[in-house]
Amino acid sequence: MTENKGAFRLDGKRALVTGGASGIGEATCKELAGAGAAGVFADLNLDKDQSLAAGLPDATAVLMDVTKLDSIEAVAAKLDRLDILVNNAGIAHVGDIAHVEPDDFDKLMEVNVKSVYLVTRALLPLLLKSRGSIVNIGSVAGQVGIKQRFAYCTTKGAVLAMTRQLAVEYPKELRVNCICPGTVQTPFVEGYLDKYHAHEKEKMREQLNARQPMGRLGKPEEIASLIRYVCSDEAEFMTGSLLPIDGGWTAA
Ligand SMILES: NC(=O)c1ccc[n+]([C@@H]2O[C@H](COP(=O)([O-])OP(=O)(O)OC[C@H]3O[C@@H](n4cnc5c(N)ncnc54)[C@H](O)[C@@H]3O)[C@@H](O)[C@H]2O)c1
């Protein structure tokens, strides 16, 4: 948790972070709490969510499946105010088009794309009331093609498009931005290495490092810092922006 009494404060704001129990979401919950925001951490993994919330001031853990409207609405019904929504929950898939089964494609679209629509729509009245800030977590995968990531790149392209669309529809009522990380050291990446490259993890880790011209993976805290900035009053002029944070990947 970064303590900073000066810039990028979020005192008095309430933030909801989906997928808050792990990786980028977890780091974001800590960063926003450190900036003074009250946090609602929403995840499928309630145990992890609760232990995270217990260690932070003014934080609440809630069970939310971002693919299920009733689950989302149950959380929305308990909120009377919301200033920040971070649509972060997401899953990965590896395969070119020939190796993406229809069920896998549907699942990825549900968790990575439809969820952003469902959660944002359910919380929109509160966000409009507060002239809130939405931060969608996209990926470089929404900006460039990546071998063996047909379904994942498709979903992240849609997240970028939804960001632009909302910014165009509500230019004065909301701020909506999208952060596009390169590869970040989280359980998402460890899960990929375990599942697809258990026998050659370190070799593959080197290849993942090399995708970023900087030669390393990003840290979840680095992504969380940018999310905090984007939500802050200092970023008041920013909406509809797609912000790479990728060690130089998309500059190449
Ligand atoms: N790690 C990376 O390299 C990387 C790079 C670019 C973008 N991203 C994106 O960042 C986001 C977070 O990734 P991460 O690396 O922190 O992943 P992670 O696997 O560490 O965490 C994802 C969290 O989302 C939760 N989640 C999954 N499905 C859910 C559902 N249906 N409802 C509620 N919660 C659900 C999981 O329980 C988990 O806590 C994702 O959208 C991912 O696509 C990650």
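The chain is numbered in sequence order, starting from 1. Note that ligands are numbered from 1 as they come in the structure, with each ligand's atoms numbered from 1 the same way. What you see is a predicted model; the values in this text were computed from it and never measured.
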Of all the atoms in ligand 1, which lie at a distance below 4.0 Å from a heavy atom belonging to [X]?
{"X": "Asp65", "answer": "30 (C), 31 (N), 32 (N)"}
{"X": "Ile24", "answer": "10 (O), 16 (O), 44 (C)"}
{"X": "Gly90", "answer": "40 (C), 41 (O)"}
{"X": "Pro187", "answer": "20 (O)"}
{"X": "Gly138", "answer": "7 (C)"}
{"X": "Ser139", "answer": "6 (C), 7 (C)"}
{"X": "Met64", "answer": "32 (N), 33 (C)"}
{"X": "Thr183", "answer": "3 (O)"}

Minimum-distance protein heavy atom relative to [atom]:
{"atom": "atom 19 (O) of ligand 1", "result": "Phe188 CB, 3.6 Å"}
{"atom": "atom 5 (C) of ligand 1", "result": "Gly182 O, 3.1 Å"}
{"atom": "atom 24 (O) of ligand 1", "result": "Gly19 CA, 3.4 Å"}
{"atom": "atom 42 (C) of ligand 1", "result": "Tyr152 OH, 3.6 Å"}
{"atom": "atom 14 (P) of ligand 1", "result": "Thr186 OG1, 3.6 Å"}
{"atom": "atom 34 (N) of ligand 1", "result": "Leu44 N, 3.5 Å"}
{"atom": "atom 2 (C) of ligand 1", "result": "Val184 N, 3.5 Å"}
{"atom": "atom 40 (C) of ligand 1", "result": "Asn88 O, 3.2 Å"}

Please check this pair: side chain of [X] against backbone of [Y], looking for a donor-acceptor N/O pair closer than 3.5 Å.
{"X": "Ser115", "Y": "Thr67", "result": "no"}
{"X": "Lys48", "Y": "Ala21", "result": "yes"}
{"X": "Asp43", "Y": "Gly20", "result": "yes"}
{"X": "Thr18", "Y": "Asn88", "result": "yes"}

Parallel, tilted or perpendicular, as decided by the 30° and 60° cut-offs, for the rings of Phe188 and Tyr152:
tilted
For ligand 1, is there an atom lying under 4.0 Å from some heavy atom of Gln185?
no
Hey, what do you get for [atom1] ([X]) to [atom2] ([Y]), rounding to the nearest 0.5 Å?
{"X": "Leu85", "Y": "Leu126", "atom1": "CG", "atom2": "CG", "answer": "10.5 Å"}
{"X": "Gln207", "Y": "Arg211", "atom1": "CD", "atom2": "CZ", "answer": "9.5 Å"}
{"X": "Leu127", "Y": "Ile84", "atom1": "CG", "atom2": "CD1", "answer": "9.5 Å"}

Using a cut-off of 6.0 Å, state whether more than 12 heavy atoms not belonging to Arg131 lie near its atom CZ.
yes
Does a sphere of radius 6.0 Å around NZ in Lys129 hold more than 12 heavy atoms from other residues, nucleotides or ligands, not counting ones at 6.0 Å or beyond?
no
Between Ile24 and Thr28, is the side-chain contact (heavy atoms from CB on, under 4.5 Å) condition met? List the steps.
CA-CA 6 Å; Ile24 293 170; Thr28 301; 4.0 Å; yes
Lys48 contact mode with ligand 1 (heavy-atom cut-off under 4.0 Å)
neither
Test of understanding: given a 4.0 Å heavy-atom threshold, classify the contact between Val189 and ligand 1 as side chain, backbone, both, or neither.
side chain
Under 3.5 Å: N/O of Asn45 near N/O of ligand 1:
no
Should Ile91 be counted as touching ligand 1, given the test is an N or O pair under 3.5 Å?
no
Apply the side-chain hydrogen bond (donor to acceptor under 3.5 Å, both in side chains) test between [X] and each candidate in [options]; give the one that qualifies.
{"X": "Ser232", "options": "Arg228, Glu234, Glu236", "value": "Glu234"}
{"X": "His197", "options": "Lys195, Glu200, His199", "value": "Glu200"}
{"X": "Thr183", "options": "Arg216, Arg205, Gln212", "value": "Gln212"}

Looking at non-hydrogen atoms alone, which of Thr18, Val159, Ile137 comes nearest to atom 9 (C) of ligand 1?
Ile137
From the candidates Pro181, Ser22, Gly23, the one that places a heavy atom nearest atom 18 (P) of ligand 1
Ser22
